[in-house]
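FYI, side chains are in, hydrogens and waters are out, and symmetry mates aren't considered; it's all heavy atoms of this structure. Below, read A as the first sequence line, B as the second, and so on, with proteins coming before strands; counting in each chain starts at 1.
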2 protein chains.
Amino acid sequence: MTSSPARTAKGARGDLFDPECPTRRLLDRIGTKWTSMAVKVLAEASPDEVRFAELRRRMPGISQKMLSATLQSLARDGLVARRVEPTVPPRVHYRLTDLGLSLEVALAAVRSWAEEHMAEIDSANAIDDARAEGAVRPRAARPVRGT
Amino acid sequence: MTSSPARTAKGARGDLFDPECPTRRLLDRIGTKWTSMAVKVLAEASPDEVRFAELRRRMPGISQKMLSATLQSLARDGLVARRVEPTVPPRVHYRLTDLGLSLEVALAAVRSWAEEHMAEIDSANAIDDARAEGAVRPRAARPVRGT
DNA sequence: CAGCATCCCGTGCGATACTG
DNA sequence: CAGTATCGCACGGGATGCTG
């Protein structure tokens with residue numbers, strides 16, 4: 001990942017390995033809970049704009065706070081464009097920029113891998129759980145559903 | 001990343017909009033700080049195995065705890081295979097499984113996007129910062145409500 | 001309607017110390 | 001050498017309330 005220059009410009013050897021690493025920084029963004037979903041929803045609507053309330057409706061479970069924060073973050077990164085209608089009450093519209101659309105392509109690849117392979121991860125987990133079951137049981141301390 | 005379950009009032013919209021969503025779950029994994037780097041390092045060594053200490057050397061900044069945790073997590077997910085040499089002291093070797101290698105391909109796409117576009121995100125941020133500079137200048141930064 | 005402010009809890013992850 | 005156990009703190013992020 002640290003491909004290009006990245007010559008540890010600060011000599012920070014012991015703490016953060018390479019805060020400059022673009023991949024890490026991207027992962028930090030798309031790794032936040034709602035970012036990728038927001039991008040997806042906006043991409044589905046693209047090139048149309050989507051209003052705040054509509055976005056919220058299409059992202060079940062998100063709070064205003066997080067939707068607002070997520071959109072601000074995306075806007076700051078130049079991934080979405082924000083348009084405010086100076087009415088009362090105000091209407092705010094969002095849409096993906098070209099950069100945002102290009103990210104959506106990458107995200108689609110991730111999504112595709114997930115849909116194709118997460119089941120394998122699940123079964124690997126199941127096997128591991130089963131093995132742990134037969135081994136030394138430290139105590140009944142597994143957050144099992146129900147019981 | 002996505003914390004605990006969070007009893008959100010989610011409907012039966014079995015889309016990518018709930019904690020069951022494979023994409024979210026994948027992002028939660030690759031979003032953790034060291035996972036993607038570990039996969040990358042192991043992929044670069046593939047098909048050879050890499051020992052714990054060697055991995056640590058190739059991942060500047062990581063602690064034993066986190067390396068251990070990361071590898072356990074990857075092993076549990078069936079992404080890496082673990083082999084213990086029953087010597088004293090023990091030597092433990094790790095290598096990517098086929099599943100892990102397939103994930104590396106997806107990660108490579110993410111990396112590629114990052115290296116190609118993070119600069120644009122940076123300049124978008126810079127522009128935004130500059131605009132914020134000309135706006136409300138934070139002085140005492142303390143509104144002091146009430147009195 | 002859109003969005004900021006406040007409170008608060010869970011947890012990712014770093015530092016440190018101990019064991020086989 | 002490889003791994004586990006413990007503590008501590010910063011931070012993501014959910015719930016609630018206020019404003020223009």
Side-chain angles (χ1 to χ4, degrees), chain A residues 12-17 19 24 27-38 49-57 59-76 80 82-94 136 138-139 141 143, chain B residues 1-10 19 24 27-38 49-57 59-76 80 82-94 132 136 138 141-146:
Chain A
R13 256 306 61 118
D15 62 338
L16 286 183
F17 65 111
R24 252 259 56 73
L27 285 170
D28 283 346
R29 283 151 214 258
I30 65 181
T32 56
K33 189 164 185 180
W34 302 102
T35 307
S36 57
M37 203 197 313
E49 298 177 312
V50 186
R51 289 185 46 191
F52 188 90
E54 179 58 24
L55 273 169
R56 214 189 153 185
R57 224 169 299 126
M59 297 171 68
I62 196 171
S63 61
Q64 319 86 309
K65 174 192 170 184
M66 286 318 293
L67 179 53
S68 185
T70 302
L71 291 170
Q72 275 182 29
S73 177
L74 288 170
R76 235 185 86 82
V80 317
R82 197 188 129 119
R83 184 174 66 86
V84 182
E85 252 184 274
T87 58
V88 174
R91 294 167 167 219
V92 187
H93 305 254
Y94 296 89
V136 181
R139 213 166 310 171
Chain B
M1 66 205 46
T2 310
S3 335
S4 32
R7 297 279 154 265
T8 45
K10 56 141 186 174
R24 250 269 48 76
L27 285 171
D28 282 348
R29 287 169 164 87
I30 64 181
T32 55
K33 188 163 185 180
W34 302 101
T35 307
S36 58
M37 203 194 323
E49 299 177 312
V50 186
R51 290 184 48 193
F52 189 90
E54 179 59 22
L55 274 169
R56 214 187 153 186
R57 280 206 312 113
M59 297 172 69
I62 195 171
S63 62
Q64 318 85 309
K65 176 192 169 184
M66 286 318 293
L67 179 53
S68 186
T70 302
L71 290 170
Q72 274 181 29
S73 177
L74 288 170
R76 234 185 88 83
V80 317
R82 195 188 129 117
R83 184 173 66 84
V84 183
E85 254 183 271
T87 58
V88 174
R91 292 166 169 220
V92 187
H93 305 254
Y94 296 88
V136 182
R142 200 64 251 189
V144 188
R145 291 195 76 80

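A donor-acceptor contact shorter than 3.5 Å links the side chain of B/R24 to the backbone of A/K33. For B/T32 (side chain) and B/R29 (main-chain N/O), a donor-acceptor pair under 3.5 Å exists by modelled atom type.
D/dG13 atom P lies 11 Å from atom CG of A/D28, rounded to whole Å. Between the CZ atom of A/F52 and the C1' atom of C/dA2 there is a distance of 6 Å, given to the nearest Å. The interatomic distance linking A/M59 (CE) with C/dA2 (P) rounds to 14 Å, in whole Å. Taking atom CD of A/E85 as the reference point, atom C1' of C/dA2 lies 13 Å away to the nearest angstrom. In this structure, A/L27 places its CG atom 12 Å from P of C/dC13, rounding to the nearest Å. At whole-Å resolution of the value, CD1 in A/I62 and C1' in D/dT16 are 17 Å apart. When rounded to the nearest whole Å, the span between CG of A/L71 and C1' of C/dA2 equals 11 Å. Taking atom CG of B/L67 as the reference point, atom P of D/dT4 lies 11 Å away to the nearest angstrom.
Contacts of A/R56 with the nucleic acid, taken as non-hydrogen atoms under 4.0 Å apart, are absent.
A close approach under 4.0 Å does not occur between any side-chain nitrogen or oxygen of A/R91 and OP1 or OP2 of C/dG3. At C/dC1, none of the side-chain N or O atoms of A/R57 fall inside 4.0 Å of OP1 or OP2 (strictly under the cut-off). Residue B/Q64 places none of its side-chain N or O atoms closer than 4.0 Å to OP1 or OP2 of C/dA17. An OP1 or OP2 oxygen of D/dT4 is reached within less than 4.0 angstrom by a side-chain nitrogen or oxygen of B/S68. Close to C/dA2, at under 4.0 Å from its OP1 or OP2, lies a side-chain N or O of A/R51.
Listed nucleotides C/dC13, D/dG3, C/dG20 differ in distance to B/K33; the shortest reach to its side chain belongs to C/dC13. Comparing C/dG3, C/dA2, D/dG3 against the side chain of A/R82 picks out C/dG3 as the nearest.
Minimum interatomic distance between B/A38 and B/T70 (heavy atoms only, all atoms of both residues): CB-CG2, 4.1 Å. When every heavy atom of B/L67 is checked against every heavy atom of B/F52, the shortest pair comes out as CD2-O, 3.7 Å.
Interface remark: the A/K65 side chain does form a donor-acceptor pair with the D/dG14 base, using a distance-only criterion of under 3.5 Å.
The nearest heavy atom of DNA chain D to A/P89 and to A/M66 marks one nucleotide each, and the one closer to the 5' end goes with A/M66.
Screening A/H93, A/R51, A/R91 against A/R83 for a side chain to side chain contact (heavy atoms under 4.5 Å, CB included) leaves a single residue, A/H93.
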